[in-house]
2 protein chains.
Amino acid sequence: MGRLRQALTHREAGVVESLITRTEHVEDGRVLLRRGTTVEHSTILIEGYILRTMQGSDKRHILATHVPGDFIDMHAFALKRLDHDITALGPALVGYARHEDLRIMMEQEPHLARLFWFSTLLDAAIHRTWILKMGELRVDQRIAHFICEMWAKLDMVGLARADGFNSPLRQSDLAEITGSTPIHVNRMLRDLREAALVEFRRGRVHCRDRGRLVQFARFDPSYLYGAGDLAMHDQLSVTAIS
Amino acid sequence: MGRLRQALTHREAGVVESLITRTEHVEDGRVLLRRGTTVEHSTILIEGYILRTMQGSDKRHILATHVPGDFIDMHAFALKRLDHDITALGPALVGYARHEDLRIMMEQEPHLARLFWFSTLLDAAIHRTWILKMGELRVDQRIAHFICEMWAKLDMVGLARADGFNSPLRQSDLAEITGSTPIHVNRMLRDLREAALVEFRRGRVHCRDRGRLVQFARFDPSYLYGAGDLAMHDQLSVTAIS
DNA sequence: CGTTCCCTTGAGTAGTTTCAATACTTGTGG
DNA sequence: CCACAAGTATTGAAACTACTCAAGGGAACG
């Protein structure tokens with residue numbers, strides 16, 4: 001369960017793993033779950049990257065990105081029909097858990113039920129930050145902000161380097177993430193590169209001075225609930241509740 | 001519970017109401033819950049309007065609006081510390097439910113627990129639509145879209161008229177909602193008025209042709225999970241599950 | 001070694017913000 | 001009832017930001 005693993009007892013981690021009844025390799029661009037479809041299982045991302053996407057009037061938009069260890073559609077369990085699509089970014093490995101098993105487990109394990117709920121609330125908190133940043137930042141800053149977010153999330157699951165990270169993201173993906181156009185993203189990446197803030201080359205992110213990038217993007221990681229004033233340790237550590 | 005009441009049995013509705021241990025009248029602009037604060041209760045909006053707000057680098061932003069019947073911070077139950085502020089828009093009446101009571105109730109009433117979870121997932125779905133619309137619509141369309149959303153939500157709880165609705169919203173609020181400026185909002189409202197799409201005067205919304213407004217805003221209400229291809233009746237009606 | 005996908009650049013246009021200034025409304029006290 | 005104050009709404013002009021259309025360049029993969 002990636003970053004949430006620390007909040008699980010050894011026994012609980014075993015319970016979660018036993019829920020995964022099937023794994024699957026998916027190729028780049030594969031739509032794992034399409035808006036409006038009824039599903040009887042939820043998905044966990046084991047390797048690679050997954051996107052939440054929505055079709056706009058003309059272009060597709062990316063609403064969220066996920067890293068290994070994330071539950072991708074725990075909310076499909078309560079919603080049954082999703083409002084958006086789940087799409088693979090690059091090749092990925094996913095695991096499936098049946099809703100029937102989840103339902104039984106959640107009645108027997110209130111602490112785990114609450115953790116699953118928490119993971120969907122975390123998605124909402126990230127959405128809110130995206131709304132805020134779309135409202136107040138220019139496209140170059142939004143790109144920088146997204147890079148900071150991705151970097152921070154990869155850090156949490158040990159997939160980042162000290163000077164950056166790798167991903168299958170293209171410039172057109174950054175356009176769909178920031179609500180801009182590939183051409184404008186291209187120019188903004190050039191500016192970021194020339195300002196020595198960050199280099200983005202075919203998904204490879206390289207940055208010498210993370211502090212400057214964070215400052216430029218006005219990035220405050222607390223909305224990821226990993227550390228800082230909103231951190232979850234109090235209420236989610238195994239010793240603290242129910 | 002407003003729009004979710006239809007998904008409750010008579011007994012369950014009673015259970016929910018018994019959770020409200022205290023009500024309070026709050027004045028315009030009052031911050032009911034501030035980011036980072038630990039709380040031991042959750043809030044239901046009984047009368048008036050409530051906003052989710054976040055402080056940006058210079059200006060405040062509005063991330064969501066709530067109408068009577070909405071649970072405002074059910075997610076505070078699982079998150080304990082919120083990432084945003086809860087602010088009254090105009091005078092409002094709210095009720096409080098203690099987290100301890102909620103926890104006990106949710107263990108005894110899995111169906112209700114799931115409904116509460118659903119209400120937080122609904123917020124996330126609305127966030128996603130806002131992100132999408134901020135990415136693809138111009139400010140005039142975003143204003144129209146927000147008006148459509150508000151109108152639809154008020155419809156669900158019987159607080160709208162056939163030709164519009166009233167609210168304490170100011171033009172500057174629309175600016176904070178759409179991520180724009182009061183001055184630009186003012187011009188866009190003039191354009192909307194001159195195009196006979198919708199009139200907005202000090203919170204009073206008047207529209208003769210709702211269909212045209214919906215089309216202009218590219219508004220598709222299904223993300224509100226009230227009707228249409230994502231509607232919740234299947235999985236949330238009292239007869240259907242657990 | 002060529003095809004395909006992705007990235008890059010230029011020029012013109014559209015949308016939005018900012019600054020500065022002016023009016024309208026609403027409520028309050030004289 | 002009028003005058004004033006505070007908040008809210010409106011307008012103009014200039015600067016900035018981002019988009020569109022059109023074309024060219026480069027890297028990766030077979």
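Lettering follows sequence order; numbering is per chain, from 1. Being a predicted model, the structure only gives us computed values, none of them experimental.
Between A:Thr181 and D:dC19 there is a side-chain polar atom (N or O) within less than 4.0 angstrom of OP1 or OP2.
Listed by residue number, there are no residues of residues 140-148 of chain B with a heavy-atom contact under 4.0 Å to DNA chain C.
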Listed pairs under 3.5 Å, donor-acceptor, residues 183-200 of chain B side chains, sequence neighbours left out:
residue: B:Asn186; atom: ND2; partner: B:Gln171; partner atom: OE1; Å: 3.0
residue: B:Glu199; atom: OE1; partner: B:Arg201; partner atom: NH2; Å: 3.3

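Remark: B:Pro91 engages no residue in a side chain to side chain contact (heavy atoms under 4.5 Å, CB included) (not counting sequence neighbours).
A straight line from NE2 of B:His184 to P of C:dA14 spans 15 Å, rounded to a whole angstrom. Rounded to whole angstrom, the span from the CD atom of B:Glu136 across to the C1' atom of C:dA14 amounts to 18 Å. Atom CG of B:Asp191 and atom P of C:dT16 are 11 Å apart (whole Å). Here C:dG15 presents its P atom at 17 Å from CE of A:Met134, a figure rounded to the nearest Å. One interatomic measurement links the two molecules: CG of A:Leu137 to P of D:dC16, which rounds to 19 Å at whole-angstrom precision. The distance between atom CZ of A:Arg204 and atom P of C:dC7, rounded to the nearest whole Å, is 11 Å. To the nearest angstrom, P of C:dT16 lies 15 Å from CG of B:Leu174. The separation between B:Arg138 atom CZ and D:dA18 atom C1' is 14 Å, rounded to whole Å.
Between B:Glu24 and B:Arg30, at least one side-chain N (NZ, or NE/NH1/NH2) sits under 4.0 Å from a carboxylate O, which counts as a salt bridge. A salt bridge between B:Arg210 and B:Asp155 is present, with a side-chain N of the basic residue lying under 4.0 Å from a carboxylate O of the acidic one. Ionic pairing of B:Arg52 and B:Asp73 is not present here: no N-O contact between side-chain nitrogen and carboxylate oxygen is shorter than 4.0 angstrom. A salt bridge does not link B:Arg142 to B:Glu136: none of the charged side-chain nitrogens sits closer than 4.0 Å to a carboxylate oxygen.
The two atoms that bring B:Arg202 and B:Arg204 nearest to each other are O-NH1, 2.9 Å, heavy atoms only. What you find for B:Ile72 and B:His66 is that their closest heavy atoms are CD1-CB, 3.6 Å.
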Could I get a table of every N or O pair under 3.5 Å where one atom is in the protein and the other is in nucleotides 9-12 of chain D?
residue: D:dA9; atom: OP2; partner: B:Gln171; partner atom: N; Å: 3.1
residue: D:dT10; atom: OP2; partner: B:Gln171; partner atom: NE2; Å: 2.5
residue: D:dT10; atom: OP2; partner: B:Asn186; partner atom: ND2; Å: 2.5
residue: D:dT10; atom: O5'; partner: B:Asn186; partner atom: ND2; Å: 3.0
residue: D:dT11; atom: OP2; partner: B:Arg190; partner atom: NE; Å: 3.1
residue: D:dG12; atom: N7; partner: B:Arg187; partner atom: NH1; Å: 3.3
residue: D:dG12; atom: O6; partner: B:Arg187; partner atom: NH2; Å: 3.3

Protein-nucleotides 4-6 of chain D N/O pairs closer than 3.5 Å?
none

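A distance of about 22 Å separates the P atoms of D:dA22 and C:dC7, rounded to the whole Å.
The NZ atom of B:Lys59 sits 15.0 Å away from the OG1 atom of B:Thr53 when rounded to the nearest 0.5 Å.
Using bins of under 30°, 30° to 60° and over 60° for the plane-to-plane angle, the ring pair B:Phe165/B:Trp151 lands in the tilted bin. Aromatic ring pairs are classed by plane angle as parallel below 30°, tilted from 30° to 60° and perpendicular above 60°; the pair B:His145 and B:Tyr223 is parallel.
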- Message: Applying salt bridge (charged side-chain N to carboxylate O under 4.0 Å, His left out) to B:Arg35 and B:Asp83, what does each step give before you reach the verdict?
- Response: CA-CA 5 Å; B:Arg35 172 195 154 90; B:Asp83 56 315; over 6 Å; no

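In this structure, the ring of B:His84 has its center no less than 6.0 angstrom from the ring center of B:His61.
The bend of the helix from C:dT8-D:dA23 to C:dG30-D:dC1, defined by the angle between the axes of its first five and last five pairs, stands at 40° to the nearest 10°.
Donor-acceptor pairing under 3.5 Å is lacking for the side chains of A:Arg138 and A:Thr178.
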